[in-house]
Amino acid sequence: MSYHFNDIEAKWQKYWAENQTFKASNTSDKPKYYVLDMFPYPSGAGLHVGHPLGYIASDIYARYKRHKGFNVLHPQGYDSFGLPAEQYAIQTGQHPAITTETNIKTYRRQLDQIGFSFDWSREVRTSNPEYYKWTQWIFIQLFNSWYNNNSNKAENISELIKIFKAEGNANINAVCDDTVYSFSAEDWNAYTSEEQQAILLQYRLTYLAETEVNWCPALGTVLANDEIVNGVSERGGHPVIRKKMTQWSMRISAYAERLLQGLETIDWTDSLKESQRNWIGKSVGASVTFNVMSSEMLKQVQHDKSERHSELDSESHHTIEVFTTRPDTIFGASFMTLAPEHELVSKITTDEQKSEVEAYILATSKRSERDRMADVKTISGVFTGAYAEHPFTKEPIPIWIGDYVLAGYGTGAVMSVPCGDQRDYDFAKHFNIPIPNIFEGVDISEEAFADKDNTVIANSDFLNGLKYKKAVKTAIYELEKLGQGEGKTNYRLRDAVFSRQRYWGEPFPVYYVNGMPQMIEAKHLPIRLPEVEKYLPTETGEPPLGRADVWAWDTNTNTVVSNSLCHSALDAESIEDNGIYPLELNTMPGWAGSSWYFFRYMEDAMRDEAFASETALKYWENVDLYIGGSEHATGHLLYSRFWVKFLKDRGFVGVEEPFKKLINQGMILGTSAFVYRRITYINVVNNGLIRWIPVKHVPIFKSFNENLFTDKSFKDEQAENKFLNWLKFELPPLHQLKLKQLIGDDLLVDSLNSLSNNEILDFLKGKIEFQYVKLHADVSMVNSSDELDTEDFKNWRAEFKDAEFIAEEDGTFKVKREVEKMSKSKYNVVNPDNICEQYGADSLRLYEMFLGPLEQAKPWNTAGITGVHGFLKKLWKLYVGENGLRVNDAEPTKDNLKTLHKTIKKVEDDIENFSFNTSVSTFMIAVNELTAQKCTSKAILEPLLIVLSPYAPHITEELWSQLGNNQSISTAMFPKFEEKHLVESSKNYPISFNGKMRFTLELPLDMSKDDIEAAVMAHDKTKAQLDGREPKKVIVVPGKIVNIVG
RNA sequence: GCUCAAGUGGCGGAAUUGGUAGACGCGCUGGAUUCAAAAUCCAGUUUCUUCGGAAGUGUGGGUUCGAUUCCCACCUUGAGUACCA
């Protein structure tokens, strides 16, 4: 009876599904534990071996926790809204829902064959109306909320309206738009409904605003900052431009401080917390207001400094607000710089400087964001001709514009302190602006001095002699006295744009009356995606939903009705308002559905009275362990935290953070195979130009070895002769048409035209050069010794059908191996289906864990799987012999018990520490030892199965049942570790000389220090090592080591 | 540039409080079995060596009886981030 893994695995997967073995209960005496994977986007390509890595780890942990007596929730689902299905729909007309359904089927089959212990009864799909109904509901709650800075939480907007009615907004301390102005209760009550709605939008946690967005013309949509990589779209690499659009935004900035503080309370890796901190980007400093000086003031300064007054001409009075983290260096400010886009630039620029400034603004606006970022070294800027007044010295300081100041950060203006900031320093040097030194005893002749800790301020009036912290405090105090500044904290975190011009996403539950957004009542949700003919934006540039015919809201019947009935579509002037209004055409972004799905899983019966019932939310609280990729560090993981904090504020959930512990699994890399193709060139000088002309002919590939040229071209007489012969015999007679096909260079062909065949060959002699270029070969065509199956390769692509191969001397054709990201385009993906078929799911699971530490990136090499597969066979043989089960009731030996208990201890520790790779080694050692001990004792072999079952659930379940158990092994309790089986009576002491181990010596553990020393000193090998020398010192650590110095 | 992580045999990696470096597996070498192959089993496998030993965890220094582990400087690689005032 051998190990038939295919049968065993199919049998138990069926059993688990039929018996709902892993269905979690929402009522239990056991403590709860919630293990979650980041749910996948079901892409058409299916899974490769890199995808299940995190799922295997979480599954091991979930199964382990069940053995440890926890009520475990381990669900799975699909993030099924997304761009690829939409792109596919645009190309083929296929409805994205159909593509998505097909892909999910494939995913499910692939996941099932790996034997995960998911509770599929709780599956969620973000694109299901029953699910996105609640995404829409959360959106409505955000719309109906504002952020009260006094209570430091989100509150119902109705409270705000009450206050407005009673006392206006004078006492409101809210997170809101910068543009709000103050009004009294009387004002408020006199406003029209539209005016009131417009004001409220400035306070709501989701709001409509004209925002500059990242518009991707190729994708026809707006992208979030984290969807852009190096200035191009993350998907497809298309260029992105800045564009103003009216968009829904999320006031995530209200939560900046809490998102930052909350990091202290959760168990995430430092690097992940660090990226969130960077993303939030808190900086503490001051906001300072500078007065722009009028020409009269300037004249006054020049005439008589002492009699100068700060009487400001109200007509031309402008102020510039800047943010600085170094208010202590304010006396070092020798100029100011505005971003070219700053609104004040046009107002303050003098006539003399106007043309120069305008030219500069035009030039920078033409440069893309990407160019600006790439080109950091070039210093550019223009003087506006205007001056600002220094708040303390009252001296005029010139105002410049420069593109090193970004419009999008802070106020888009800086006070430039060249002695303390390298960018200001470089700018000042470049334009010959003075660089006053305000640091005591610091040389600034070469570069700026930015160190805070060792700073003592000088040449700064009342700040002289003060250290950094004190100076900052004093400067802020003095600024406040002048009314020209205050302490301020700035965050990099921007409000998140929430609209997408796409079809395949959640529709907004929003319609518009007189241009103002209205929420549809929750009881009428979900608002389902309408049918459209095409999935592209409309000709007029509206989102795809603009193509829907039935996409208007009837407030009389509370249903979606035909657009043609819409009040605005009819002759609105002459017809009375009929209560039918246009619906929102944008859809929600990908992160909407994924920001709360972990709560939906908590619901056991998928009730519809709430996004999850109160009892379910109370029971499961939040995710205890979350495993997924680090690519979500600043997107999904930040937005989820934001939504959870919001839901907490409004009393819908009881937790402040969604994910208590988070682990990022590392990427599994592919081992790409490269073949080297020989390119033939004709190297001619024509009209004084050196021309490299690639010749088109049969592809030639060369086996890879160490001596292969790869970087530059080379001459090879033999190969050249071969090529010329080929030219002579394969293609006679040479004439222009043939030459053109072959060479494709008109100039050269023309010059050869008048020559005979032999003359052409003579001409080409000595001008033929070669170069090797590498290209990917599919890894499935390569064996474990890096040999390419050349027949497969020829059949791979039509262009290689007649390819020639230059093999090694032994006839093999080798490829070069390189480790890269696993991807379809690199032809290095390994499909788990094949692995499961050939080695089984248990082997796959063990091998993925065995590869290395979970969080580390590591290359996949299928050849290595034989190791763990051999282990499973060996395990099988330990339990099952030729004539059936060999397990009996034999009394376990001391060695048996020692092996078992050392394994229990190690595996337990490993799982708790997520060190899954080392447990696999431990299992191998245990089986090797028990096999050597010829162990047949059930008392040992039965508990061993439980310890192994989280890793290899199928084989252990089978053997468990063969041992006569009729309950699933997943219900068994983890065996208890007993220290007594590991207690030793003696120790094999390493004997070191000057720290180097030279030999070992077996001594009883209860031996005293002195006796150990005596025993070691008396040993022959000690005498040999010392070679007659007298040791200076002997260190004896009982139970550990002996070290002899001298 | 900044932040973080990491550097150990031919390869993946182990060494969990500073205490026997290279566990476990792959690959490779030799052997057994076989008509042969696969599979399986046994032995060996860091380097050098005068076969006694000696050196050795990116480089250089330090702390220590003792350092892959702690400290300092540097080099390399990977990831993230970027004119953030």
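Computed from heavy atoms alone, side chains included, the values below leave out hydrogens, waters and symmetry copies. Small disclaimer: the values here were computed from a predicted structure and weren't measured. Reminder, nothing fancy here: chain letters follow the sequence lines and each chain counts from 1.
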So, is [X] near the phosphate of [N], with a side-chain N or O under 4.0 Å from OP1 or OP2?
X      : N     : value
A/R998 : B/A54 : yes
A/K873 : B/U40 : yes
A/N917 : B/A14 : yes
A/R423 : B/C84 : yes
A/N928 : B/G25 : yes
A/K858 : B/G12 : no

Considering every strand shown, what is the Watson-Crick or G-U wobble mate of [N] when both distances are under 3.5 Å?
N     : value
B/A38 : none
B/U29 : B/A43
B/C70 : B/G62
B/G56 : none
B/A23 : none
B/A5  : B/U77
B/A14 : none

* To do: For residues A/F871 and A/W876, establish whether the separation of their ring centroids is below 6.0 Å.
  =>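 That pair fails the under 6.0 Å test.
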* Length of the NZ-P vector between A/K874 and B/C24, whole Å ->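 My rounded result for the distance is 11 Å.
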Determine the contact category for [X]: base if any of its heavy atoms lies under 4.0 Å from a base atom, sugar-phosphate if only primed atoms, P, OP1 or OP2 are that close, otherwise nothing.
X       : result
A/E855  : nothing
A/T1000 : base
A/S915  : nothing
A/N278  : nothing

* Asked: Are any of the side-chain nitrogens in A/E1013 or A/K1033 under 4.0 Å away from the carboxylate oxygens of its partner?
  -> no
Which pairs of donor and acceptor atoms, one on a side chain in residues 280-289 of chain A, lie under 3.5 Å apart (sequence neighbours left out)?
unit_1: A/K282; atom_1: NZ; unit_2: A/E257; atom_2: OE1; d: 2.9
unit_1: A/K282; atom_1: NZ; unit_2: A/E257; atom_2: OE2; d: 3.1
unit_1: A/S283; atom_1: OG; unit_2: A/Y409; atom_2: OH; d: 3.0
unit_1: A/S287; atom_1: OG; unit_2: A/E321; atom_2: OE2; d: 3.2

* Answer with yes or no whether the side chains of A/Y989 and A/T1000 bring together a donor and an acceptor at under 3.5 Å. =>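 Note: A/T1000 and A/Y989 side chains miss the donor-acceptor criterion.
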* Will you find, in the side chains of A/S275 and A/T634, an N or O donor that is under 3.5 Å from an N or O acceptor? ->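 Side-chain D/A pair, A/S275 to A/T634: absent.
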